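Below is one structure; the comments refer to it alone.
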Amino acid sequence: MELYFAAPNDFSLTKLSPFPTLFRRRAQRVPPSSAAGYGGGTLSLRASVRPLTTALEHAGGKMVVELVGTFNELTERMRGVSLSTSSSRILFKALKMSIPMLQNMGMGPDGRPFLSKALSVAIILADLQMDAEVISAGILRVTLEAGAVSIHEVRDRVGIGTAHLLHESLRVKNFPSKVGILDEESAASLRKFCLTFYDIRAVIVELALKLDTMRNLSYLPKYQQQMVSLEVMKIHAPLAHAAGTKFLSLELEDLAFQYLFPHSYLYVDAWLQSHESGGKPLIEIYKEQLLQSLKNDDVLAALVENISVHGRYKSRYSTMKKLLKDGRRPEDVNDILGLRVILKPKSGTDHSNEVGEMACYRTREIVLSLWREIPHRTKDYIARPKVNGYRSLHMAVNVSESGRTRPLMEIQIRTTEMDMLAAGGIASHSLYKSGLTNPEEAKRLKAIMLAAAELAALRLQDLPSMNHKDINSGHRDRVFQLLDKNGDGRISIEELMEVMEELGASDEDAKEMMQLLDSNSDGSLSSDEFHAFQKQVEMMRSLEDRDDQYRNMLDEKLHVSNITGLIEASKAGSV
């Protein structure tokens, strides 16, 4: 992107030299009235822009723009968080400390600048309506793992509270290593352990980092992608579900599904995208229709100052589970289509909550004028909020027309405040209600999360396990002995190259493989290192078999016409 700066009395945008950053805003054009009457002052004003432009081209100027732009962007996204002066200072200190360090660190292993990763994590946390300390911990985790700062420096320069949360997030990161085998029982135990003994804010930091990792996982070899994805599917996605951060949970599931079962993912994706009309996605047609009706309503216009409608297709993983595990027919997977209406009540009133609720119910009436409601699918979480504070209207409508049957569409209606609280789930609710300082409230929230984790675990029971105790150890030893031709108990690079040459691979492939598998970097493979590799091979084969099984089952159920073309289109548009 490029930064633009308004040139006085010129009404055009003077372009500053571009430099890498995530957050940029184009300055508004200066209205004619603002420059009128200045006469001969125009030349000196215009000339004054040039020194600023030159200054911002320097490294220090770029960092100032990065710092100010990032701070403004994050605080704007944290609309539902009460940002005190001390909180603002914490976030500003964290950014001021991290930005220069990360800009000088270059690229991370995923090919992105470390700064881009840190700010991507910060955006996820800000959108979850986390407070300044949580966002600062997310930024500083990336800085710490890049080797640019220590926890002691964070304590001295940002604050002891942020340093403690940063340390806690590192403990959460390492908790999966507490078991050597990630079978279903140990995964469930780890989830319970995490929710019981760790600060929920540290859990959210780790989940945001996992989501950023999953969004940028393509740089890893396939087997490592699958190992990371399986851990995410078994531990982190259920944790996100338990914490009430639904969008984190759904995206983590879908991304892990994409890496674990790529053919099945593409099949479901193609089927979901096949619900179109005249080449235009149905969800876009319904979104425009509803938004126009809402904007044309005078009663609603008197209650709100802004209306937004967001559309989405159902989670790919959730769709597959409903089709295969629940045994539903395709026509019974009702909420393939979904719309969310977000209303901003008019400001300047002492009863904005009541006005917002009135606007939600008025929106529901407008929806009913367009489509037929399915009564048993209606949920009023405004009149009866969930225990974690979640408030929203949910309804399902029948959008079939002209004798053409279409899936039911789910519609959610909420105010901006309800939406911000919903984004952060239980973690946001804890901060919102100051529950983290109340032992009884914290105990109640832990109980809710543990119950939710149990429910989420039921969705994962048929995933392949990483339990490889049943692999015949004698067979593994024989394979190792066949590769260890000189019998010294280690596979050297020369021995590995010889085998790979016989398979038609190059020396470079052998060297790359050695680098990946040689965990202690001693230039050879021990029997333990080779056995770990064999476990991963067995896991990949298991996943591939399950992917073929799922794909065949989906084909029997969906019978999508021109599936090859749709899958190719999905591949072209996939991440």
Side-chain angles (χ1 to χ4, degrees), residues 1-3 17-25 59 61-74 77 91 94-128 130 134-150 154 166 169-170 172-173 204-229 231-232 236-237 240 247-248 251-260 262 512 515-516 571-575:
M1 296 185 182
E2 297 170 330
L3 177 68
S17 62
F19 44 85
T21 184
L22 283 185
F23 305 119
R24 292 288 182 266
R25 294 198 178 282
K62 293 178 184 180
M63 288 185 186
V64 170
V65 173
E66 187 77 66
L67 173 63
V68 173
T70 302
F71 181 84
N72 290 340
E73 178 74 12
L74 291 174
R77 287 174 179 265
L91 181 57
L95 290 169
K96 189 169 63 173
M97 182 180 191
S98 299
I99 286 174
M101 294 177 174
L102 293 174
Q103 277 194 337
N104 292 326
M105 291 296 294
M107 300 293 182
D110 61 0
R112 291 184 299 156
F114 282 105
L115 182 59
S116 293
K117 179 179 177 66
L119 299 184
S120 295
V121 171
I123 285 179
I124 294 171
L125 292 169
D127 286 345
L128 284 169
M130 295 295 101
V134 177
I135 296 173
S136 298
I139 295 168
L140 290 164
R141 254 288 294 276
V142 178
T143 312
L144 179 72
E145 291 178 346
V149 71
S150 69
V154 172
L166 178 59
S169 76
L170 289 171
V172 175
K173 174 191 176 183
I204 297 298
V205 170
E206 178 62 17
L207 291 173
L209 283 153
K210 280 295 179 187
L211 178 56
D212 177 78
T213 297
M214 291 301 295
R215 286 174 175 176
N216 300 275
L217 198 62
S218 58
Y219 76 98
L220 286 176
K222 182 180 177 181
Y223 79 91
Q224 289 187 353
Q225 293 173 357
Q226 291 178 326
M227 300 299 281
V228 172
S229 297
E231 183 180 287
V232 164
H236 299 95
F247 97 80
L248 275 182
E251 189 173 352
L252 284 170
E253 281 184 350
D254 269 11
L255 288 168
F257 177 30
Q258 184 176 357
Y259 284 108
L260 291 172
E512 183 177 352
Q515 189 174 6
L516 287 171
K571 284 182 179 178
S574 63
V575 177

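Small disclaimer: the values here were computed from a predicted structure and weren't measured.
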Supply the atom-to-atom distance Ser116 OG to Leu102 CG, rounded to the nearest 0.5 angstrom. 9.5 Å
Spacing of CD1 belonging to Ile135 relative to CE belonging to Met130, to within rounding of 0.5 Å: 8.5 Å
Which atom of Met105 lies closest to which atom of Phe114, heavy atoms considered: CB-CD1, 3.5 Å
Distance from Met101 atom CE to Thr143 atom OG1, nearest 0.5 Å? 7.5 Å
Take Val232 and Leu255 through the test side-chain contact (heavy atoms from CB on, under 4.5 Å) and record every step on the way to the result. CA-CA 9 Å; Val232 164; Leu255 288 168; over 6 Å; no
Gln258 vs Leu217, test: side-chain contact (heavy atoms from CB on, under 4.5 Å). Steps then yes/no. CA-CA 11 Å; Gln258 184 176 357; Leu217 198 62; over 6 Å; no
Using side-chain heavy atoms (C-beta onward) and a distance below 4.5 Å, is Leu170 in contact with Glu145? yes
Compare every heavy atom of Leu67 with every heavy atom of Ile99, then report the nearest pair and how far apart it is. CD1-CA, 3.6 Å
To the nearest 0.5 Å, how far apart are CG in Leu140 and CE in Met97? 6.5 Å
Which heavy-atom pair separates Gln225 from Ser218 by the least distance, and what is that distance? NE2-O, 3.3 Å
After noting the C-alpha distance and the side-chain angles of Ser120 and Arg112, does the key distance pass the side-chain contact (heavy atoms from CB on, under 4.5 Å) rule? CA-CA 11 Å; Ser120 295; Arg112 291 184 299 156; 3.8 Å; yes
Could you measure the distance from the CE atom of Met214 to the CG atom of Asp254? Nearest 0.5 Å is fine. 10.0 Å
In short, Tyr259 meets Ser229 closest at the heavy-atom pair CB-OG, 3.2 Å
Consider side-chain contact (heavy atoms from CB on, under 4.5 Å). Of Leu209, Leu211, Thr213, which one does Val121 pass it with? Leu209
dist Leu166:CG -> Ile139:CD1 (nearest 0.5 Å) comes out at 11.5 Å
Has the side chain of Asn216 got a donor or acceptor atom that lies under 3.5 Å from a matching backbone atom of Asp212? yes
Over all atoms of both residues, closest heavy-atom pair of Phe247 and Ile124: CZ-CG2, 4.5 Å
Check for a donor-acceptor pair, side chain of Arg141 on one end and backbone N or O of Val205 on the other, with a separation under 3.5 Å. no
Working for side-chain contact (heavy atoms from CB on, under 4.5 Å), residues Leu248 and Leu128: CA-CA 9 Å; Leu248 275 182; Leu128 284 169; 3.6 Å; yes
What closest approach, in Å, do Gln103 and Leu115 show between heavy atoms, and which atom pair accounts for it? CG-CD2, 3.5 Å
